[in-house]
2 protein chains.
Amino acid sequence: MATQTLPDTVPPAQAANPSFSPLYRQIKGLIKRSLQLGEWKPGELIPSETDLARRFGVSQGTVRKAVDELAVEGLLLRRQGRGTFVSTHHEERVKFRFLRLVSDDDPSTPQPMERRFLECKRTRATQDVARALGIKQGESVTQIRRLLLLAGTPVVYEEIALPGAAFRALTAERLESYRGPLYALFESEFATRMVRAEEKLRAVNAAAQEAQLLQVPAGQALLLVERLSFSYGELPAEYRRGLYNTQHHHYRNELS
Amino acid sequence: MATQTLPDTVPPAQAANPSFSPLYRQIKGLIKRSLQLGEWKPGELIPSETDLARRFGVSQGTVRKAVDELAVEGLLLRRQGRGTFVSTHHEERVKFRFLRLVSDDDPSTPQPMERRFLECKRTRATQDVARALGIKQGESVTQIRRLLLLAGTPVVYEEIALPGAAFRALTAERLESYRGPLYALFESEFATRMVRAEEKLRAVNAAAQEAQLLQVPAGQALLLVERLSFSYGELPAEYRRGLYNTQHHHYRNELS
DNA sequence: GAGTGGTCTAGACCACTCC
DNA sequence: GAGTGGTCTAGACCACTCA
């Protein structure tokens with residue numbers, strides 16, 4: 001056994017053709033798992049590339065490629081000279097990553113909007129909500145209704161549904177008192193970080209009640225934005241239905 | 001002078017702090033320039049990484065990083081075992097990259113829509129169009145008006161403005177006879193490849209004429225999609241105003 | 001089997017941040 | 001100055017495509 005020159009110090013690391021997964025993708029999976037299990041929390045510094053390479057028994061370049069992809073996906077944030085951090089919604093940089101509504105006049109500088117919470121209650125999942133969140137109809141959900149206003153004028157009305165037990169402690173008072181984005185609150189106090197979201201956009205005519213909330217005539221065209229947000233591990237963690245008054249704002253998007 | 005050991009065979013390649021640009025980004029710029037100048041046309045195979053590395057006098061790894069970024073941006077397309085190709089709109093893969101409208105019933109498989117061209121004429125840029133395209137008001141533009149239909153029902157009405165002389169030869173007949181995406185036609189016959197686009201979305205109430213075209217009641221909420229498309233070198237190359245009937249379709253978007 | 005992109009490694013050095 | 005991520009290189013080997 002001791003006569004071999006390089007027996008298995010450098011294992012080929014790859015198997016046959018089908019379902020072949022490169023090393024860096026496996027490392028990526030391990031890092032994701034650590035994020036999901038909470039080994040490193042949002043905002044925290046993760047180990048350096050050198051440390052991770054040692055820990056996983058691979059070269060720094062392989063770790064680097066894994067971290068690169070996670071940074072592109074928005075789960076990690078690299079900062080030269082400082083280290084790699086777990087992404088968080090507590091950051092100026094990312095404040096408007098999920099709200100794509102910008103003013104027609106000045107699309108470059110998004111203003112922070114005033115929030116007015118109308119309701120926060122426990123209720124049962126309707127069929128729509130249940131299907132979106134992947135739970136059973138009638139299961140417990142937390143529902144929030146709120147307005148976003150700019151210069152005193154309501155611009156967005158939203159109904160937000162959060163699944164199950166995790167958000168049972170959420171109250172209207174806490175929502176009112178919290179400074180910072182909703183997703184930052186969810187992250188800090190309810191151990192739920194929203195990682196990505198899918199949106200469906202439609203134009204609808206305002207019903208009487210919606211019209212009143214947004215102070216527009218009934219029948220006014222509104223942008224309906226249905227959002228399904230996912231936490232770590234592709235777990236559906238929020239279903240949101242927003243009505244945007246787009247008379248002086250628009251939803252911006254980039255295609256490439 | 002001849003006594004130095006390694007005078008400038010391997011130049012440090014980097015200067016002082018401010019405005020430092022790594023080698024691979026410079027290579028990226030050179031490749032972009034070749035694309036813009038038409039050295040490699042859409043759909044064509046570009047030289048192998050080894051060849052490019054030789055040509056630019058850098059290592060293959062550096063070329064690789066440049067090509068990687070261009071592939072992410074959608075300008076190049078890598079295919080293992082075959083080579084790297086210039087992206088083109090002539091491809092099944094990319095057919096629906098720019099049209100984000102999908103059916104409510106079956107969002108996974110987008111159906112090709114029937115196209116009906118209403119008009120294709122030379123006209124003068126209005127103030128809006130001129131500002132969008134970065135030209136002077138009153139300059140010549142080509143305007144297309146068309147409908148997209150699904151199962152005989154109009155779903156999208158679009159007005160498309162194309163700048164200047166490049167599209168002077170475009171006719172309604174050519175539009176009618178061409179099989180394939182509009183952007184593929186522009187690419188093949190008008191030397192204009194759309195690389196990326198910015199969209200502004202709004203909900204509007206249908207005016208009488210629009211309502212008639214889309215066969216909906218006047219006042220019906222429609223999704224207004226303003227799109228500004230850019231060709232190589234961030235050149236504004238198309239301004240498009242689309243009205244989508246979103247009663248049975250929605251605009252899908254992904255946030256991350 | 002030749003050629004391509006894809007992975008993995010090891011090592012050197014640079015830019016940046018913080019102490 | 002120490003530690004981090006960022007760049008660049010050189011070389012080996014793998015997966016894939018095509019002739």
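Residue numbers start from 1 in every chain, and the chains themselves are labelled A, B, ... in the order their sequence lines are given, proteins ahead of strands.
Between B/Asp68 atom CG and C/dT7 atom C1' there is a gap of 12 Å when expressed in whole angstrom units. Straight-line distance from the CD atom of B/Gln26 to the P atom of C/dC14: 16 Å, rounded to whole Å. Put simply, CD1 on A/Ile46 is 8 Å from P on D/dG5, counting in whole angstrom units. At whole-Å resolution of the value, CG in B/Leu23 and P in D/dA10 are 12 Å apart. Here the P atom of nucleotide C/dG6 and the CD atom of A/Glu69 are 12 Å apart, to the nearest Å. Atom C1' of nucleotide C/dT17 and atom CG of A/Leu45 are separated by 12 Å, given to the nearest angstrom. Here the P atom of nucleotide C/dG11 and the CD atom of A/Gln60 are 12 Å apart, to the nearest Å. Distance, B/Leu52 CG to C/dT4 C1': 12 Å, rounded to whole Å.
A cation-pi arrangement is absent between A/Arg193 and A/Tyr183, since the terminal nitrogen or guanidinium carbon is not both under 6.0 Å from the aromatic centre and inside a 45° cone about the axis.
Pairing each heavy atom of A/Ala132 with each of A/Pro236, the nearest pair is O-CB, 4.1 Å.
Listed pair A/Arg82 / C/dC18 meets the phosphate criterion, a side-chain N or O lying under 4.0 Å from OP1 or OP2. Within the 4.0 Å cut-off from OP1 or OP2 of C/dG5, not a single side-chain nitrogen or oxygen of B/Arg64 is found. Note on A/Thr62: every side-chain N or O is 4.0 Å or more away from OP1 and OP2 of C/dC8. For C/dC8, the OP1/OP2 oxygens have no side-chain nitrogen or oxygen of A/Lys65 closer than 4.0 Å. Taking 4.0 angstrom as the limit, A/Ser48 places a side-chain polar atom (N or O) nearer than this to OP1 or OP2 of D/dT4.
Using a 4.0 Å heavy-atom cutoff across all strands shown, B/Val58 reaches sugar-phosphate atoms only and no base atom.
Of the candidates C/dG5, C/dT9, D/dA15, the closest approach to any side-chain atom of B/Thr84 belongs to C/dG5. Out of C/dG6, C/dC8, C/dC16, the shortest distance to the side chain of B/Gln80 is found at C/dG6.
Residues meeting the side-chain contact (heavy atoms from CB on, under 4.5 Å) test with A/Arg252, sequence neighbours left out: A/Arg100, A/Val102, A/His250. The side-chain contact (heavy atoms from CB on, under 4.5 Å) search around B/Gln36 returns B/Tyr232, not counting sequence neighbours.
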Take B/Tyr251 and B/Glu199 through the test side chain to side chain contact (heavy atoms under 4.5 Å, CB included) and record every step on the way to the result.
CA-CA 12 Å; B/Tyr251 182 108; B/Glu199 292 194 332; 2.4 Å; yes
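Look at A/Glu187 and A/Lys41 and you find no salt bridge, because none of the NZ, NE, NH1 or NH2 atoms lies under 4.0 Å from a carboxylate O.
In this structure, A/Phe167 and A/Phe186 have perpendicular ring planes: the angle between them is above 60°, well past the 30° mark.
Stem regions annotated for DNA chain C: C:1-18 with D:1-18, counting only runs of 3 or more consecutive pairs of Watson-Crick or G-U type with both contacts under 3.5 Å.
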